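So the structure is just underneath, and the comments pick up after that.
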Amino acid sequence: MKGFLEYIPGDSILHRLDPRTKLLMPLILCLACFAADSILLLFVILLFDVALGYLGGIGKQTLRTLSKLARIMLFLFVLQILFIQRGETLIPLIAGLRITDEGLRTAALVALRLIAATMPLATLLSLTKLDELADSLVVRCHVPYKYAYGVTAAIRFIPEFSRQMSEIIEAQTARGVEFDTKNPFRRIAMVIPLCVPLLISSVRKIDGTAMAAELRGFNLRGRHNIRCTSRFGLSDGVGILVCLALAVAGVLL
Amino acid sequence: MISINQLSFQYEGGVKPALVDITLEIPDGDFIGIIGRSGAGKSTLTYALNGIVPHYHKGDFYGSVTVDGMDTVETTPERLAELVGSVLQDTDAQMITSTVIDELQYGLISYGIDDIDGRVDEALAALGIADLREREINSLSGGQRQKVAIASILALKPKIFILDEPTSELDPASSRMVFELLRTLNQTGVTVIVVEQKIMQLCEFCDRLIVLDGGAVAFDGGVREVLTHSEELEAIGVHVPRIVTLAKTIGSDKLPLNLDEAEAMLREVLA
Ligand SMILES: Nc1ncnc2c1ncn2[C@@H]1O[C@H](COP(=O)(O)OP(=O)(O)OP(=O)(O)O)[C@@H](O)[C@H]1O
Ligand SMILES: [Mg+2]
């Protein structure tokens with residue numbers, strides 16, 4: 001997950017959207033996915049997610065995220081099929097288990113829904129400068145600076161954490177520890193003990209940052225002195241309308 | 001002016017005091033070097049000046065610190081910061097935002113300073129990093145970050161400038177440039193307090209050296225005066241420049257602090 005949620009500089013139309021739009025669009029799309037009960041519509045939303053990635057000039061990363069999510073969802077998909085035994089039998093399996101039409105449909109819905117709902121947030125956040133997002137939340141949405149900064153700091157924390165994690169894994173690999181095991185359970189068992197020292201060092205760093213911020217007037221910041229130049233424009237309206245249309249379709253279909 | 005009066009401080013959860021009975025007067029316009037082995041309390045002393053101790057790091061605080069007549073216990077760190085600019089030891093942690101330009105603007109915006117763009121350009125130019133202006137902090141090298149950290153405080157034009165190991169990741173030429181910059185600032189009346197491990201730099205640029213050991217002031221005085229105690233300094237983990245040791249060995253009555261002085265001394269001895 002190296003680079004996940006990390007800002008990718010650029011000058012695409014999506015980069016230039018108002019930061020609020022880039023927070024609102026994934027939210028609406030997420031609602032659309034949970035309202036939708038049609039596999040076709042979920043596919044359309046998924047296509048739209050991928051299109052967003054290409055529009056933002058990060059098509060490759062988007063496809064990579066998609067394939068990662070798909071691999072995780074495959075597991076969920078198989079579980080769902082085995083758990084849901086209602087409906088007509090399509091393929092009988094061993095020990096009385098069977099694949100039913102309803103099982104297949106529900107499993108596909110759940111998997112698609114989760115993928116389609118989470119992708120736009122990842123895509124649009126990596127096209128948003130978090131400082132601009134915080135400033136815009138403070139100035140335009142009247143969120144207190146403390147909370148706005150807190151939220152963006154938390155988002156910033158994720159790529160930082162994963163970067164440090166991969167650094168440690170690299171260092172361990174260089175010392176001959178084999179992380180490249182195929183078995184996902186073994187891999188997890190190897191990574192978990194690394195999380196504790198990593199968390200401690202991250203917390204220490206956050207503590208230092210809070211200190212530095214206080215020394216540069218963190219507590220004096222607010223709507224009255226923060227500068228925010230972003231404004232809603234035509235492309236913001238179009239983006240939000242498309243998402244709303246998908247949400248309405250989700251409710252109706 | 002800064003006056004520290006019988007200051008002792010022990011961190012909450014610390015096993016022994018980090019600062020022990022420190023009394024110091026720092027007049028305006030001084031250029032002070034602070035040195036001492038790891039854990040001697042150098043960073044903690046800087047925290048006591050900018051209010052991080054006792055406002056941010058809590059603990060047992062005895063004595064008093066006043067900066068321009070303001071008691072640091074009664075003044076918030078952000079108010080003190082208008083007077084005292086601090087470049088912290090951990091440069092990575094000092095990065096509050098994600099781009100260089102935002103980092104430099106941060107304090108200027110908080111304090112409602114008018115000429116933000118002018119100040120930013122000036123600070124970037126002073127550190128020779130105008131080309132980094134639009135860069136992402138994540139994409140910078142350690143040394144570049146260190147320069148950004150210094151620039152972000154320089155832009156605030158503090159009256160008292162405290163730097164905690166500001167050249168730890170810089171190449172020799174850049175470290176020199178930073179010290180030259182500090183000297184220029186000092187000549188305009190800014191009080192400069194710099195914690196540094198490289199003693200040669202301190203000797204060359206500072207007027208006064210404060211040596212800490214175990215949280216207490218072991219030596220405090222003019223650079224030459226402090227350096228005469230070379231054996232005691234070595235004993236508390238401060239390595240005296242070789243040239244000073246040489247001068248002592250050959251029994252010279254002058255202590256050379258830079259190459260020119262060393263050359264003069266050697267010529268005199270050989271003549
Ligand atoms: N947050 C803290 N909590 C408890 N003890 C601390 C804390 N920070 C520092 N100390 C202790 O206080 C003492 C002085 O630490 P300080 O960081 O001031 O040393 P220093 O001279 O700056 O060292 P270095 O050269 O390694 O930066 C050390 O014994 C240290 O272990
Ligand atoms: Mg220190």
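Everything numeric in this text was worked out from a predicted model, so none of it was measured. First the proteins, then the strands, lettered A, B, ... as listed; each starts at 1.
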Side chain, backbone, both or neither: which part of [X] has an atom under 4.5 Å from a heavy atom of chain A?
| X | value |
| --- | --- |
| B:T99 | both |
| B:I109 | both |
| B:Q94 | both |
| B:I116 | side chain |

Using non-hydrogen atoms and a limit below 4.5 Å, what part of residues 149-163 of chain B faces chain A? B:S152, B:I153, B:L156
Do any of residues 48-61 of chain B come closer than 4.5 Å to chain A, heavy atom to heavy atom, and if so which ones, in number order? B:N50, B:I52, B:Y56, B:H57
Would A:R20 and A:F232 count as a cation-pi pair here, with the cationic atom under 6.0 angstrom from the ring centre and within 45° of the axis? yes
Which answer fits A:R156, side chain, backbone, both or neither, if we ask what part of it has an atom under 4.5 Å from a heavy atom of chain B? side chain
Just to be sure I understand the criterion: a residue of residues 55-62 of chain A counts if one of its heavy atoms is under 4.5 Å from a heavy atom of chain B. Which ones qualify? none
Checking an interface table here. Which of residues 143-151 of chain A come within a heavy-atom distance under 4.5 Å of chain B? A:Y145, A:Y149
Electrostatic pair B:R133:B:D121 at N-O distance under 4.0 angstrom: yes
Should the ring pair B:F9 and B:Y11 be called parallel, tilted or perpendicular, given that the plane angle runs from 0 to 90° and is split at 30 and 60? perpendicular
Among B:E103, B:M95, B:E134, the residue with the most heavy-atom pairs under 4.5 Å to chain A is B:E103
